[in-house]
Amino acid sequence: MKRYGVHPTQPAAPLQVTDFEPAPLGDSQVAVAIKAVSLNFRDLLVSQNTYFCPIPDGLVPCSDGAGEVVAVGKDVRSLKVGDRVATLFFPDWQGGRPEPSSVSGARGAESGGTLTERFVSDETGVIKLPDRLSYAEAATLPCAAVTAWNSLFEVSDLKPGQTVLLLGTGGVSIFALQFAKAAGAQVIITSSDDAKLARARQLGADHGINYKTHPDWEREVLRLTAGRGVDVVIEVGGPGTLERSLASVRMGGRIAYIGVLTGLGAQANPVALIPKAASIHGIFVGSRAMFADMLDAMATHGIKPVIDREFAFAEAPAALAHMQSGGHFGKIVIRVGS
Ligand SMILES: NC(=O)c1ccc[n+]([C@@H]2O[C@H](COP(=O)([O-])OP(=O)(O)OC[C@H]3O[C@@H](n4cnc5c(N)ncnc54)[C@H](OP(=O)(O)O)[C@@H]3O)[C@@H](O)[C@H]2O)c1
């Protein structure tokens, strides 16, 4: 069997493949032959050891995978050999509010990840998949899609007719675009690239703003909303974008604070929230219950993930480099196994 390990101290080759023997299966565990893995921006941070937790040398990276159950422990009841499953980002966050005990053990950072031919999990740490999704499509869901779902519908309670602002055309933003349009919302999306904005419009975006040619893009947002601002911001940037998101959000609106694309520091002054009676809510992916609700909604609305490009298992370092280039639109997938 083959798997990748991250080696942050070797920046020239942060991902290296090794052979391994799968450990014996525990009574409540399942073994999954991973068929596809998707990359998230955090996998870049993990490979550089700049993520929220220290990354041990050799850790198996990536939180997102989908595959086939090939063995089950003797106490496993909910799954059988042959079932198609995806991994949960937080294997212990089954539902309800986040708690320190459940929002821990994040895959591909605090515990071993999915960039491996054989993945072992407690039966509760994976979720069964509908037949309508391919393994590549399903592998895009555990982090970016659940994060977008949580931000729009759990934390923000988005209503039809409201307006959502999305920053850039990466994985989280494109899922948020698809979900917000299915929910009957208006979408304003930004990008550094007019061709990507055109693709976003084809997916239903109502307005696109090039943040390179409009560095003061919050002015465009206010113009497009007749000065009112947006109901929800999916804030994936950080320093430099959060100030503009604060200017873009409407009175009583919500900023779902998700990302660190521009860094982990802070420049924004939260006092701007007071006269707007607005709020910023931190997001940390989501639970199995959110994942299940999201799968139902995707089936109802016929939503398919947008895959930018698929790479072979041997090309995983090139896939990570593609993510770092920022040239992608939606999700990057690595095929695993035969
Ligand atoms: N808190 C959580 O639970 C959670 C979960 C998932 C992701 N995240 C975070 O959310 C962020 C996005 O993740 P992702 O996986 O969707 O990333 P991604 O797919 O790599 O998205 C990258 C895209 O973001 C856009 N971008 C980059 N810098 C920007 C800027 N200054 N202003 C506006 N857009 C910018 C670019 O889009 P264009 O090419 O169109 O310009 C770029 O292609 C990351 O920081 C990630 O760590 C957090």
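Worth saying up front: this structure is predicted, and the values here are computed from it rather than measured. Just so you know, ligand 1 is whichever comes first in the structure, and atom 1 is the first atom listed for that ligand.
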Minimum-distance protein heavy atom relative to [atom]:
atom	value
atom 25 (C) of ligand 1	Gly168 CA, 3.8 Å
atom 47 (O) of ligand 1	Phe41 CD2, 3.6 Å
atom 4 (C) of ligand 1	Ile258 CG2, 3.4 Å
atom 21 (O) of ligand 1	Gly170 CA, 3.2 Å
atom 43 (O) of ligand 1	Gly326 O, 3.3 Å
atom 3 (O) of ligand 1	Val285 N, 2.7 Å
atom 10 (O) of ligand 1	Gly259 CA, 3.4 Å
atom 24 (O) of ligand 1	Leu261 CD1, 3.2 Å

Any salt bridge between [X] and [Y], counting N to O under 4.0 Å?
X	Y	result
Lys159	Asp231	no
Asp193	Lys212	no
Lys304	Glu137	yes
Lys2	Glu117	no

Using side-chain hydrogen bond (donor to acceptor under 3.5 Å, both in side chains), reason through Ser248 and Glu218 one step at a time and then give a plain yes or no. CA-CA 5 Å; Ser248 301; Glu218 72 280 14; 5.8 Å; no

Without hydrogens or angle criteria, can the side chains of Glu235 and Thr241 be said to hold a donor-acceptor pair below 3.5 Å? yes

Record the part of [X] in heavy-atom contact with ligand 1 below 4.0 Å; permitted values are side chain, backbone, both and neither.
X	result
Ser173	neither
Met323	side chain
Thr147	side chain
Thr262	side chain

In the structure I gave you, are the side-chain heavy atoms of Val146 and Phe89 within less than 4.5 Å of one another anywhere? no

I'd like to check Val6 versus Ile55 (side-chain heavy atoms, cut-off strictly below 4.5 Å). Are they in contact? yes

Contacting atoms of ligand 1, where contact means under 4.0 angstrom from a heavy atom of [X]:
X	answer
Cys143	5 (C), 6 (C)
His328	18 (P), 19 (O), 20 (O), 21 (O), 22 (C)
Ser192	38 (P), 39 (O), 40 (O), 41 (O)
Thr169	37 (O), 38 (P), 39 (O), 40 (O)
Ser191	38 (P), 40 (O), 41 (O)

Among [options], which one puts a heavy atom closest to [atom]?
atom	options	answer
atom 30 (C) of ligand 1	Phe329, Tyr51, Tyr211, Phe89	Tyr211
atom 45 (O) of ligand 1	Val260, Ile283, Asp308	Val260
atom 7 (C) of ligand 1	Thr241, Asn210, Val172	Val172

Look at the aromatic rings of Phe153 and Phe179 and report parallel, tilted or perpendicular, splitting at 30° and 60°. tilted

Between Asn150 and Gly286 the two heavy atoms that sit nearest each other are ND2-CA, 4.0 Å

Could you walk me through whether Asp194 and Lys196 pass salt bridge (charged side-chain N to carboxylate O under 4.0 Å, His left out), step by step? CA-CA 5 Å; Asp194 287 340; Lys196 290 183 175 184; over 6 Å; no

Are Gly237 and ligand 1 in contact, using a heavy-atom cut-off of under 4.0 Å? no

Working for salt bridge (charged side-chain N to carboxylate O under 4.0 Å, His left out), residues Arg254 and Asp157: CA-CA 10 Å; Arg254 169 68 52 101; Asp157 193 23; over 6 Å; no

Please lay out, stage by stage, how Gln29 and Ser121 fare under the test side-chain hydrogen bond (donor to acceptor under 3.5 Å, both in side chains). CA-CA 5 Å; Gln29 289 183 319; Ser121 166; over 6 Å; no

